[in-house]
**Student:** 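What follows is a structure written as structure tokens; I'll ask about it next.
Keep in mind it's a predicted model, so treat the numbers as computed, not measured.
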Amino acid sequence: MKPAVSRLVTGVLASPARRDAVRAATGLRRRLSGAKPAVDYFHQVDDPYSHLMAQLFGPLAKRYGLTLRVWLVPPPDDAAAPERARLAAFARRDAARVAAEYGLDFPETAGAPAADAVALAQRILAAAPRTAAFGDKAVAVGDALWRGDTGALSALAAAAASPEAAAAAVAEGGAERLRLGHYLGGMLHFEGEWYWGVDRLNHLEERLAGLGRDSTPGAPMLAPFRDMRLTAPKPKTPATIEMWFSFRSPYSWLAFPRAQRLAEHFGAKLELRYILPMVMRGLPVPRIKSRYIFLDAKREADRVDLPFGRVVDPVGAGAERALAVLHHAAPLGLGESFAMLGLRAAWADGIALAEDEGLFDVARRAGLTDDQTRAALADESWRVAAEANREALFEAGLWGAPTYRVNGGAAHWGQDRLWALEEDLIRASA
């Protein structure tokens, strides 16, 4: 897509006017009928994030007076969930950290559930009522599944559906999820918009409250937005934050300036570990996933007061050229400046990094001369560094951007885990 067209299309897609129009259109039937808001929930029994969401399922329905439609779904296909083994291992570790943060439950020692246990869990939940009461049954099943308690799981199987009926229910849920436009478990869908479990529940709660549905206005949200606080004192011994990022990752843009603030507050060294985009490393990004990520990144950008929406995708030449310049800017002490300006250029300002006009402008604002930029573009040594960074990322157990860790410890993935990174910095300073 040509840059001018891309800026126009993405600007419209990210506009509040388009969002408000979609909300008005999708909510029209409910308003005319006077019916309660109906939320679709897609539960994947072997997904840690679904287990967390199930714990808030009943409280959500009660507080906001919702009609809940429950669907059992299969895992996402390989195209939507590359590096499946790494994803599963990280999700278990991450879910335990999120559970502790929100007062929920997930065992820190959870392992991968056996296939026969997952099948039995699906049979039990296929027979469960598809109402708010589903949450209680899903929590009990998930608790037994993740703790590896086969006895407790078997005790819940007295009213289980047949294997055929369970398979049909999962297939039906998968088809409905695809029809509405998603691919993950633990998802909530309300009148045209998707919300991923505990992490995005704050957006849905805010929207429902705006419709006058909050029965306890003024009370804390069930799952409030969580970000870094920047209140702990600077430690005497500075830490090192490794940050893996990609110029093609919108979440890298949302994370980068905040990670800089975090490093500055704690006097930490921010070590930039740049990588090629996933799609340029042979990891597919389906269209259905790209669309959700774009819209989700927009509302998350609004939440943290960062510009977002005028986009020129830097995939291909744009990403490669930006990495070449970054590779030369870093030794000059200009790496952070160029990285932040380059990310903003691609995701907020609609600047084409694949074109000389855009790339040289970003480089100048970062402090590079045109001669330095030309020299960087003529040097292919950045590829060696990017590959070394990719290998280090895989060794850390992850594969995508943004990822970060403190002093070589456990790595966190996602712009919505800066609160966990901050906690690690505080612990490192203790």
**Student:** Hey, mind stepping through Y49 and D94 against side-chain hydrogen bond (donor to acceptor under 3.5 Å, both in side chains) and telling me if it holds?
**Tutor:** CA-CA 9 Å; Y49 302 111; D94 184 54; 2.7 Å; yes

**Student:** Checking R390 against E387 for the salt bridge (charged side-chain N to carboxylate O under 4.0 Å, His left out) test, could you report, in this order, the C-alpha distance in whole Å, the side-chain angles of both residues, the deciding distance, and whether it holds?
**Tutor:** CA-CA 5 Å; R390 184 199 66 80; E387 176 58 18; 2.6 Å; yes

**Student:** Treating D349 as the side-chain partner and A346 as the backbone partner, does any N or O pair qualify as donor plus acceptor under 3.5 Å?
**Tutor:** no

**Student:** Can you find a heavy atom in the side chain of V70 that is under 4.5 Å from one in the side chain of D40?
**Tutor:**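 With C-beta onward as the side chain, the pair stays apart.
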
**Student:** With salt bridge (charged side-chain N to carboxylate O under 4.0 Å, His left out) as the test, would you mind laying out the steps for R299 and D302 before giving the verdict?
**Tutor:** CA-CA 5 Å; R299 66 187 174 194; D302 290 345; over 6 Å; no

**Student:** So which heavy atom on A54 is nearest to which on H43, and how close?
**Tutor:** CB-CE1, 4.0 Å

**Student:** Looking only at non-hydrogen atoms, find the nearest pair between A428 and V406 and report the distance.
**Tutor:**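 Of all heavy-atom pairs spanning A428 and V406, the closest is CB-CG1, 4.0 Å.
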
**Student:** Please tell me if the side chains of P314 and E320 come closer than 4.5 Å, counting only heavy atoms from C-beta onward.
**Tutor:** no

**Student:** With side chains defined as the heavy atoms from C-beta onward, is the minimum distance between Q372 and H328 less than 4.5 Å?
**Tutor:** no

**Student:** Is it true that, when you exclude R229 itself, more than 12 heavy atoms of the residues, nucleotides or ligands shown sit nearer than 6.0 Å to its CZ?
**Tutor:** no

**Student:** Does R97 reach the side chain of E108, with side-chain heavy atoms less than 4.5 Å apart?
**Tutor:** no

**Student:** Going by the side-chain hydrogen bond (donor to acceptor under 3.5 Å, both in side chains) test, which pairs reach into residues 350-359, not counting sequence neighbours?
**Tutor:**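 Sorted result for residues 350-359: R321-D356.
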
**Student:** For the residue pair T67 and V39, establish whether any side-chain heavy-atom pair is separated by less than 4.5 Å.
**Tutor:**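 No, too far: nothing below the 4.5 Å cut-off.
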
**Student:** So, applying side chain to side chain donor-acceptor pair (under 3.5 Å) with D424, which one of R405, H412, R417 is it?
**Tutor:**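 Going through R405, H412, R417 one by one, the side chain to side chain donor-acceptor pair (under 3.5 Å) with D424 is satisfied by H412 alone.
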
**Student:** Does any non-hydrogen side-chain atom of Y102 lie less than 4.5 Å from one of P224?
**Tutor:** yes

**Student:** With side chain to side chain contact (heavy atoms under 4.5 Å, CB included) as the test, would you mind laying out the steps for M228 and R258 before giving the verdict?
**Tutor:** CA-CA 9 Å; M228 55 193 188; R258 295 151 67 205; 3.3 Å; yes

**Student:** Just verifying a value: how many Å separate N389 CG and F394 CZ, rounded to the nearest 0.5 Å?
**Tutor:**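 It comes to 12.5 Å.
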
**Student:** Could you tell me whether R31 atom CZ has more than 12 heavy atoms of other residues or ligands within 6.0 Å of it?
**Tutor:**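 Count over threshold, so yes.
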
**Student:** As a quick check of understanding, evaluate ring-ring contact (aromatic ring centres under 6.0 Å, His included) for W146 and F106, giving each step before the final call.
**Tutor:** CA-CA 8 Å; W146 293 113; F106 193 87; 5.2 Å; yes

**Student:** What distance separates E206 CD from L211 CG, expressed to the nearest 0.5 Å?
**Tutor:**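 Separation between the atoms: 11.5 Å.
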
**Student:** Between L398 and F90, does the side chain to side chain contact (heavy atoms under 4.5 Å, CB included) criterion hold? Intermediate values first, please.
**Tutor:** CA-CA 7 Å; L398 287 164; F90 170 75; 3.6 Å; yes

**Student:** Which residue, M187, R200, E205, forms the side chain to side chain contact (heavy atoms under 4.5 Å, CB included) with Y195?
**Tutor:** R200

**Student:** For E264, does the CD atom sit with more than 12 other heavy atoms under 6.0 Å from it, leaving out its own atoms?
**Tutor:**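 No, CD of E264 has 12 or fewer neighbouring heavy atoms, counting only those of other groups under 6.0 Å.
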
**Student:** Can you list the steps and then say if W347 with L254 is a side chain to side chain contact (heavy atoms under 4.5 Å, CB included)?
**Tutor:** CA-CA 9 Å; W347 295 103; L254 301 189; over 6 Å; no

**Student:** Between A339 and L272, what is the shortest heavy-atom contact and its length?
**Tutor:**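 That would be CB-CD1, 4.4 Å.
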
**Student:** Return the orientation label for the F308 and F294 ring planes: parallel under 30°, perpendicular over 60°, tilted otherwise.
**Tutor:**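 F308 and F294: tilted rings.
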
**Student:** I would like to know whether Y251 and D416 meet side-chain hydrogen bond (donor to acceptor under 3.5 Å, both in side chains); could you show each step before the answer?
**Tutor:** CA-CA 9 Å; Y251 294 131; D416 45 16; over 6 Å; no

**Student:** Once you round to the nearest 0.5 Å, how far does CG of L72 lie from CD of E176?
**Tutor:** 13.0 Å

**Student:** Go through the steps to decide whether W413 and W399 satisfy the test ring-ring contact (aromatic ring centres under 6.0 Å, His included), and finish with yes or no.
**Tutor:** CA-CA 9 Å; W413 177 37; W399 65 97; 4.8 Å; yes

**Student:** Over all heavy atoms of both residues, which pair between L208 and P37 is shortest? Give the atoms and the distance, please.
**Tutor:**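 Between these two residues, the closest heavy atoms are CD2-CB, 4.4 Å.
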
**Student:** Does the side chain of L295 reach to within under 4.5 Å of the side chain of R18, using non-hydrogen atoms?
**Tutor:** yes

**Student:** Quick one: pull up CG in L60 and CG in L188 and give me the separation to the nearest 0.5 Å.
**Tutor:** 6.5 Å

**Student:** List the steps and the verdict of salt bridge (charged side-chain N to carboxylate O under 4.0 Å, His left out) for E191 and R23.
**Tutor:** CA-CA 7 Å; E191 295 184 354; R23 288 181 175 182; over 6 Å; no

**Student:** Has R291 got more than 12 heavy atoms of other residues, nucleotides or ligands less than 6.0 Å from its CZ?
**Tutor:**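 No, not enclosed.
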
**Student:** Can you tell me which residue among Y41, W194, Y292 is in a ring-ring contact (aromatic ring centres under 6.0 Å, His included) with H189?
**Tutor:** W194

**Student:** Under 3.5 Å, side chain of R310 to main-chain N/O of T10, donor-acceptor pair present?
**Tutor:**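 Side chain of R310 to backbone of T10: no pair is present.
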
**Student:** For V141, which of D136, L120, L153, V45 qualifies under side chain to side chain contact (heavy atoms under 4.5 Å, CB included)?
**Tutor:** L153

**Student:** Which heavy atom of G267 sits nearest a heavy atom of K234, and at what distance?
**Tutor:**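 Smallest heavy-atom distance, with atoms named: N-CE, 4.0 Å.
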
**Student:** Please assess E193 against H203 for the test side-chain hydrogen bond (donor to acceptor under 3.5 Å, both in side chains), listing each intermediate value before the final yes or no.
**Tutor:** CA-CA 10 Å; E193 290 181 35; H203 292 289; over 6 Å; no

**Student:** Nearest 0.5 Å, please: how far is CZ in R19 from CG in L13?
**Tutor:**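 Rounded to the nearest 0.5 Å, the CG-CZ separation comes out at 12.5 Å.
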
**Student:** Could you walk me through whether S249 and S252 pass the side-chain hydrogen bond (donor to acceptor under 3.5 Å, both in side chains) test, one step at a time?
**Tutor:** CA-CA 5 Å; S249 162; S252 288; 3.0 Å; yes

**Student:** What pairs with E101 under salt bridge (Lys or Arg N to Asp or Glu O under 4.0 Å), at least two apart in sequence or on another chain?
**Tutor:**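 Counting only residues at least two positions away or on another chain, E101 forms a salt bridge (Lys or Arg N to Asp or Glu O under 4.0 Å) with R226.
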
**Student:** Any side-chain heavy atom of L377 sitting closer than 4.5 Å to one from V325?
**Tutor:** yes

**Student:** Does the R92 side chain pair with the main chain of T109, one donor and one acceptor, at a distance under 3.5 Å?
**Tutor:** no

**Student:** Roughly how far apart are I288 CD1 and H182 NE2, rounded to 0.5 Å?
**Tutor:** 7.5 Å

**Student:** Should E422 and F266 be marked as a side chain to side chain contact (heavy atoms under 4.5 Å, CB included) after you check the CA-CA gap, both sets of side-chain angles, and the distance that decides it?
**Tutor:** CA-CA 9 Å; E422 182 178 38; F266 283 92; 3.8 Å; yes

**Student:** Locate the shortest heavy-atom distance separating R63 from D214; write the atom from each residue and the value.
**Tutor:**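 Closest heavy-atom pair between R63 and D214: NE-OD1, 2.8 Å.
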
